[in-house]
Chemist: 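I have a structure here, written as C-alpha cells, and I will follow up with some questions on it.
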2 protein chains.
Amino acid sequence: MRIGELAERTGTPRRMLRYYEDQGLLVSDRAANGYREYGEPCVDRVLQIRGLLDSGLPTRVIKQILPCLKEPRAIHVTDATPETMATLERERDRMTQRIECLLRSRDAISDYVEAVRVNQARGASGVSCDGAVQDAAVQDDAVQGAVSGRR
Amino acid sequence: MRIGELAERTGTPRRMLRYYEDQGLLVSDRAANGYREYGEPCVDRVLQIRGLLDSGLPTRVIKQILPCLKEPRAIHVTDATPETMATLERERDRMTQRIECLLRSRDAISDYVEAVRVNQARGASGVSCDGAVQDAAVQDDAVQGAVSGRR
DNA sequence: CTTGACCTTCACATAAATGTGAGGGTTGAA
DNA sequence: TTCAACCCTCACATTTATGTGAAGGTCAAG
C-alpha cells in the first residue's frame, strides 16, 4: 500500500510516517516512480511505534526494541552485542517502572470515579463524603470492571 | 524542606520543581525571605509527577489526575463536574492502553533477552537460532523473574 | 490534454520538557 | 566581614514530536 492508505489505516499523519522512516523505525520499498510502498505488517508496526511513543519512549529507544517485537521469534539474535543487551535490559526495567506507575495511577482514578459515582447516586450534590470507599459494592458492569483492573 | 533538598531527594533538577509549580502540579509555602518551603508529602508527589511525565502524560493531564492520588480518599469529591469526570475516564482508558502496550513490549523484550541468553549459554557465537524459544527452561533468578513479570 | 488526487523533498513553525546561566538576595560559618 | 552555599526571578537555548505549506512530479479519469 502507499503512504496515504497506511496513514489512514493507522490514524497517523503522512508527515509522521516519513519521520519514523527517517528515524529508522520504519522501512519502505520504493516504486518505480519514487512512491513509498508498504507491506501489510507495517500497519501493526506503526501502531506499535505510536503506542510506545505515547508511552513516553523516544524514537531512539523504540528503534532498539523494535527488533524484539518482530514475529519470527529467535531469528534476530544475530545482532546481540553486549551493549545492546544492556540497553534492552535497562529499558525493560524502565518499562516495568512505567507500568507500575500507570497501574497505580489508573487504579486510583478508577477508585475515585467509582467513589464519585456512588456519592452522586445517593443524592449528595457536590458535598464531600467522609466515609471510606468500601461501601462501593455496586454492580455496574463498566465501572466495576475498571476498578478491578480489567482488560 | 527547601528546594535543594527536595531536588536531591527526588533526583529532580530545581528548575523542574519550579516548572511543576508553575504548571500547578506542586505547591509550596514561602518562608519570610521568599524561599520555597516544602512539606514531606511533596517527595512522593514529585516522584508521582515524574513517573507520569515519563509515561507520556503531559502536565495538563497530570494536573487533573493528581487530586485522585491524594491519600484522604473520598474527601476531594467536591470538585466533580461532569467534564472533569469525562476527562478522568478518558485518561484512565488511555492509561490502560499504555499499560497494555508497555506490557506487550516489555514481555517481548524479556523473551528476547532470555532467548539470547540461552543461545549464548550453549556456545553459539553470534549465530542465529532457528528453533522456538520453548527450550528456555532455565533457572536463572533475575532473568526468569523478569520474564514472568515479577514484583 | 487537463484536472484532481495522489506522491516527492525541503523548510520553517510550534509546543513541551528541559538545560544553562546571568544578576542578585540571604545566611551561616570562618 | 567576607566567602560559600543556598535561594530568587528572568530569559534565552535545545531537543523531540509534531503542524503546515511550498514547489513540483505521477497518474488515472474526464
Side-chain angles (χ1 to χ4, degrees), chain A residues 1-39 42 45-66 87 91 94 97-98 101-102, chain B residues 1-39 42-43 45-66 87 91 94 97-98 101-102 105:
Chain A
M1 80 198 79
R2 293 196 306 240
I3 201 174
E5 185 180 344
L6 184 59
E8 197 171 6
R9 288 178 60 184
T10 59
T12 306
R14 287 147 237 253
R15 170 73 169 89
M16 285 300 102
L17 295 176
R18 301 196 187 99
Y19 175 67
Y20 300 151
E21 180 170 332
D22 198 60
Q23 302 299 303
L25 307 184
L26 198 58
V27 282
S28 67
D29 294 345
R30 290 302 179 116
N33 51 11
Y35 288 10
R36 268 165 262 256
E37 199 63 38
Y38 299 95
C42 288
R45 190 166 180 97
V46 169
L47 292 178
Q48 271 285 356
I49 294 172
R50 296 233 110 201
L52 292 173
L53 228 28
D54 188 57
S55 300
L57 283 78
T59 54
R60 171 181 39 83
V61 170
I62 297 177
K63 180 178 180 177
Q64 296 202 271
I65 75 179
L66 266 184
T87 301
E91 290 304 328
R94 281 198 67 181
Q97 286 186 274
R98 280 184 258 246
C101 175
L102 286 169
Chain B
M1 82 198 79
R2 292 195 306 240
I3 202 175
E5 185 180 344
L6 184 60
E8 198 171 6
R9 288 178 60 184
T10 60
T12 307
R14 288 149 239 254
R15 170 73 170 90
M16 285 301 101
L17 295 176
R18 301 195 187 101
Y19 175 67
Y20 300 151
E21 180 171 332
D22 198 60
Q23 302 299 303
L25 307 185
L26 198 57
V27 281
S28 65
D29 294 345
R30 290 301 180 116
N33 50 12
Y35 288 10
R36 268 165 264 254
E37 198 64 37
Y38 299 95
C42 287
V43 174
R45 191 166 179 98
V46 169
L47 293 178
Q48 271 285 355
I49 294 172
R50 296 232 109 202
L52 291 173
L53 228 28
D54 188 56
S55 301
L57 283 78
T59 54
R60 171 181 40 83
V61 170
I62 297 178
K63 180 177 179 175
Q64 296 201 269
I65 74 180
L66 267 184
T87 302
E91 290 304 328
R94 281 198 67 182
Q97 286 186 274
R98 281 184 257 247
C101 175
L102 286 171
S105 304

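As a basis for the values below, the full set of heavy atoms in this structure was taken, side chains included, without hydrogen atoms, waters or symmetry mates.
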Chemist: Tell me: NZ of K63(B) to P of dA17(C), nearest whole Å?
Modeler: 12 Å
Chemist: Rounding to a whole Å, what distance do you find between L53(B):CG and dA15(C):C1'?
Modeler: 14 Å
Chemist: Do any pairs count as a salt bridge (charged side-chain N to carboxylate O under 4.0 Å, His left out) and have a residue in residues 11-20 of chain B, sequence neighbours left out, and if so which ones?
Modeler: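 Listed by first then second residue: nothing to list.
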Chemist: Can you check whether R18(B) has a side-chain N or O nearer than 4.0 Å to OP1 or OP2 of dC8(D)?
Modeler: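 Yes, R18(B) has a side-chain N/O under 4.0 Å of OP1/OP2 on dC8(D).
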Chemist: Which comes earlier along DNA chain D counting from the 5' end, the contact point of R60(A) or that of R2(B), where each point is its nearest nucleotide?
Modeler: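 Mapping each residue to its closest nucleotide by heavy atoms, the 5'-most match is R2(B).
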Chemist: According to side chain to side chain contact (heavy atoms under 4.5 Å, CB included), who are the partners of E8(A), at least two apart in sequence or on a separate chain?
Modeler: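 Expected list: none.
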Chemist: What's the separation between atom CG in L66(A) and atom CZ in R45(A), rounded to the nearest 0.5 Å?
Modeler: 4.5 Å
Chemist: Which one, dC7(C), dC7(D), dT16(D), comes nearest to the side chain of I3(B)?
Modeler: dC7(D)
Chemist: When the distance from CG of L57(B) to P of dA17(C) is rounded to whole Å, what number comes out?
Modeler: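 Atom-to-atom, L57(B) to dA17(C), this comes out as 10 Å.
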Chemist: Using a cut-off of 4.0 Å between protein heavy atoms and nucleotide atoms, how would you tag nucleotides 19-30 of chain C 5' to 3' with B, S and -?
Modeler: BB----BBS---
Chemist: Donor-acceptor pairs under 3.5 angstrom involving side-chain atoms of residues 51-63 of chain B: please list them, not counting sequence neighbours.
Modeler:
| from | atom 1 | to | atom 2 | distance (Å) |
| --- | --- | --- | --- | --- |
| D54(B) | OD1 | R94(A) | NH2 | 2.4 |
| D54(B) | OD1 | R98(A) | NH1 | 3.3 |
| D54(B) | OD2 | R94(A) | NH2 | 3.0 |
| D54(B) | OD2 | R98(A) | NH1 | 3.0 |
| S55(B) | OG | G51(B) | O | 2.8 |

Chemist: Separation of I62(A) atom CD1 from dT16(D) atom P, in whole Å?
Modeler: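 My rounded result for the distance is 13 Å.
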Chemist: Could I get the full list of side-chain hydrogen bond (donor to acceptor under 3.5 Å, both in side chains) partners for E21(A), not counting sequence neighbours?
Modeler: S28(A), R36(A)
Chemist: Give, for atom CG of L26(A) and atom OG1 of T12(A), the distance between the pair rounded to the nearest 0.5 Å.
Modeler: 9.5 Å
Chemist: With respect to the phosphate group of dA17(D), does any side-chain polar atom (N or O) of T59(A) fall under 4.0 Å of OP1 or OP2?
Modeler: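 Result: yes.
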Chemist: Taking CZ from R14(A) and C1' from dT20(D), how many angstroms apart are they, rounded to a whole number?
Modeler: 14 Å
Chemist: Taking CG from L6(B) and C1' from dC6(D), how many angstroms apart are they, rounded to a whole number?
Modeler: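 Rounded to the whole Å, the gap is 15 Å.
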Chemist: Go through the structure and list residues passing side chain to side chain contact (heavy atoms under 4.5 Å, CB included) with N33(A), not counting sequence neighbours.
Modeler: A31(A), Y35(A)
Chemist: Among the nucleotides dT18(D), dT8(C), dC7(D), which one has an atom lying closest to any side-chain atom of Y19(A)?
Modeler: dT18(D)
Chemist: Return the value, rounded to whole Å, for the distance between atom OH of Y20(A) and atom C1' of dG19(D).
Modeler: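 About 13 Å, once rounded to whole Å.
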Chemist: Check this one for me: any side-chain N or O of R36(A) less than 4.0 Å away from OP1 or OP2 of dT8(C)?
Modeler: yes
